[in-house]
Enquirer: 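After the structure tokens below, expect a handful of questions from me.
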Amino acid sequence: MEFYRSHVLVCAGTGCTSSDSQLVRRELLKQLAEKGLDKEIKVVETGCFGFCNLGPIMVVYPEGTFYCQVKPQDVNEIVEEHFIKGRPVQRLLYHEPDKETRTLEFDNIEFFRHQKRVALANCGHINPEVIEEYIARDGYFALARVLHEMTPQEVIDVIKKSGLRGRGGGGFPTGVKWEFASKSQGDQKYVVCNADEGDPGAFMDRSVLEGDPHAVLEAMAIAGYAIGANQGYIYVRAEYPIAVERLQTAIKQARELGLLGKNIFSKGFDFDIDIRLGAGAFVCGEETALLTSIEGRRGEPRPRPPFPAVAGLWGKPTIINNVETFANVPPIIRNGWEWFASMGTEKSKGTKVFALAGKINNTGLIEVPMGTTLRTIIYDIGGGIPKGKKFKAAQTGGPSGGCIPAELLDIEIDYDNLTAIGSMMGSGGLIVMDEDNCMVDIARFFLEFTQDESCGKCPPCRIGTKRMLEILTRITEGKGTPEDLTNLETLAKTIKNASLCGLGQTAPNPVLSTLRYFRHEYEAHIYDKKCPAGVCQALLTYKILAEKCRGCGLCARNCPTNAISGKVKEPYVIDVEKCIKCGACLEKCKFAAVIKE
Amino acid sequence: MSCQCQCNAGNEPGIYTIIDQIVEKYKGQAGSLIPVLHQTQQALGYLPENVQAYIAEKLGIPLSEVYGVVSFYTLFSTVPKGKYKISVCLGTACYVKGAGDILAEFEKQLKIKVGETTEDGMFTLEACRCLGACGLAPVLTVNDNVHGRLTAQDVADIVKKYAEDK
């Protein structure tokens, strides 16, 4: 075995790859070879560190020096200073948004300090394309343990006692689901991994697949042993090419070492896994629709019961778990259910991964114990709202969830608390909105999404979401009437009660939650014909502030409809009749004299 | 069977041999239609009627079922796409950070609407679902390349960069 004095981890997740981390890695390899350091310093490609907006990210061990936004032209300095002279390059270290000093080590950064990583434990620490690195971090130990020491029922009991609930949205107890499937009679059973991560704003499953694919394979094999299945399928979005590639590599490596395939660990247990690609249909994240899609048909849901645990893929008993749920299984088996159940709240155990995005300083992936407050997530980990703007709402649960207002920032996040306030956990997307976001427009945005993604099989969803979208569009155009609000609420209730699957049953949530907490914004659109956030184009008027205007005439020259007139060195005026609200004047003005209201 | 129009769509030489090879890989496997469609589209770029009919015949399923699947999933296309497919992410994170303005700017610069292809066959403009690169919002992909942290001002440069790369 070769020994190295330093290991350099370079993130190869989707975020950093699009920030050119591959160029940085290649430059580093080249320069290390030129200096003859390639036998002393090893460069490792890893999965996502989670701190995506600072990409490309590089961590140097054993010290744990955390470099961010590294460009290929910075590599020379890192090699000369850090690797040859032993002096970290100060200017590339991370500095907290509100502090002057830079933080040297990875573990001391606020963003990471409040986190507890279980599902993401290996992401950013190992090379996902090398199975030995996973094994070195106790990978496949859990599978070995269940095959050697435990009966299938004991496995199910451990998962049940751990309190693990489905991380894909519904929050159904995982152990109970496995028990149903294990008790179902069938000559053939299946284990399916739902990696059709469709909620906009959620990308934790992608990061687990890209950063730690073997954890998912190991968990699926454990599930197969528990319920008596010998075949697994991973249904993954075609939009995730890196994840698909790493899964293919991982499956091949596991087969070569006999960790998938026939007679695993010589215990007479057979299990293999195939990948199925999605084709861009959001509804396929719904479990019955997903199964129909694997069968090669239109991904339309069907009524339950029978539940997939009884009659699933090709009518056989099937369990479907989400990627993050699976990623929690090997650590539970390794560390015991007591360890897992000691984290979290009374009814929601363990940790949850959230994808922080939107109007927040630190965007990226975080994992915190269940019960962490929204305030901790947004201000301590997320670093607050950029440009000193005011927090307005946090959206959780994607198109099935709702918006949480500032009054509820201290709520402890778990499945039941989020449902109680009209949102839901969903897969864990957490989008932060500030004073510049219009809540009616956001509600319209989500309805546009669900209406477009509705498969059309059941009328409440197909027709109902369309009608709701029409009403919302009307309101954002300033044509709303007071009855529209009551109509929205009636429609919402009908769609929730009468739709066939989760997509329709939760589609009205964004509207209901914004009506509950931001009703005044709807009313401003309807009664005052104003958009308080200044988003809805039809309700805006552009104005030039006379006291700020220097009379340079730049706005008038850029106006496509000649709606701006005036004399040089005197305040200019916009003719609202001619103005088409394109915003060109506001963009061009150097004195912030143009405003929209 | 081929379509009735005068174009040469889907009649590129060798396409049937390619489909034969793809179908052969999945012989006897249940649920092979979607993987076969994925790979055929990858080879040909799109799935015109004659291609769908040939796949239906090879797999022994009705053409109606093949068409039903093709039209259900948004990733499958029955018309050719441009050399560069620009997909602007309209996921929530990108949307709240102004992806709508970026899309509008592309429409203006390329003089096409969402879903259309430029006359010279260089660009197809699409709005797509969350790409999972929310940390870099707003983002878009041009074929397989992801571009992040964009503003409407970057649109012209992106168009120029790919337009020169004929």
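Below, chains carry the letters A, B, ... as their sequence lines are ordered, and counting in each starts from 1.
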Enquirer: Can you check whether B:T92 reaches A:F446 side chain to side chain, under 4.5 Å on heavy atoms?
Expert: yes
Enquirer: For the interface with chain A, which of B:C128, B:P35, B:A104, B:G135 has the highest count of heavy-atom pairs at distances below 4.5 Å?
Expert: B:G135
Enquirer: Contact between B:Y95 and A:P200 at the side-chain level, heavy atoms closer than 4.5 Å - yes or no?
Expert: no
Enquirer: Between A:V535 and chain B, which part of the residue has a heavy atom less than 4.5 Å away: side chain, backbone, both or neither?
Expert: neither
Enquirer: Side chains of A:S293 and B:I34: closer than 4.5 Å at any heavy-atom pair?
Expert: yes
Enquirer: If the threshold is 4.0 Å, N to carboxylate O, is there a salt bridge linking B:E65 and A:R298?
Expert: no
Enquirer: Could you have a look at A:F203, A:F449, A:F445, A:Y240 and say which one has the most heavy-atom pairs with chain B under 4.5 angstrom?
Expert: A:F445
Enquirer: Any carboxylate oxygen within less than 4.0 angstrom of a Lys/Arg side-chain nitrogen, looking at A:D199 and B:R129?
Expert: no
Enquirer: What residue, out of B:V139, B:T141, B:V69, has the most heavy-atom pairs lying under 4.5 Å from chain A?
Expert: B:V69
Enquirer: Under a 4.5 Å heavy-atom cut-off, does chain A meet the side chain of B:S32, its backbone, both or neither?
Expert: neither
Enquirer: As an exercise: rank B:V66, B:L136, B:V70, B:L33 by heavy-atom pairs under 4.5 Å with chain A and give me the winner.
Expert: B:L136
Enquirer: Got a donor-acceptor contact below 3.5 angstrom from the B:H38 side chain to the A:G278 backbone?
Expert: yes
Enquirer: How far apart are the closest heavy atoms of B:G31 and A:R276, and which atoms are they?
Expert: O-NE, 4.2 Å
Enquirer: Can you tell me which of A:G299, A:P241, A:A202 forms the most heavy-atom pairs within a distance under 4.5 Å of chain B?
Expert: A:G299
Enquirer: Any side-chain heavy-atom pair from B:R149 and A:S19 closer than 4.5 angstrom?
Expert: yes
Enquirer: Side chain from CB out, backbone as N, CA, C, O: work out which of these in B:Q41 comes under 4.5 Å of a heavy atom of chain A, or both, or neither.
Expert: neither
Enquirer: Heavy-atom distance under 4.5 Å to chain A: side chain of B:A30, backbone, both or neither?
Expert: both
Enquirer: Where the side chain of B:T74 meets the backbone of A:G280, is there a donor-acceptor pair that is under 3.5 Å apart?
Expert: yes
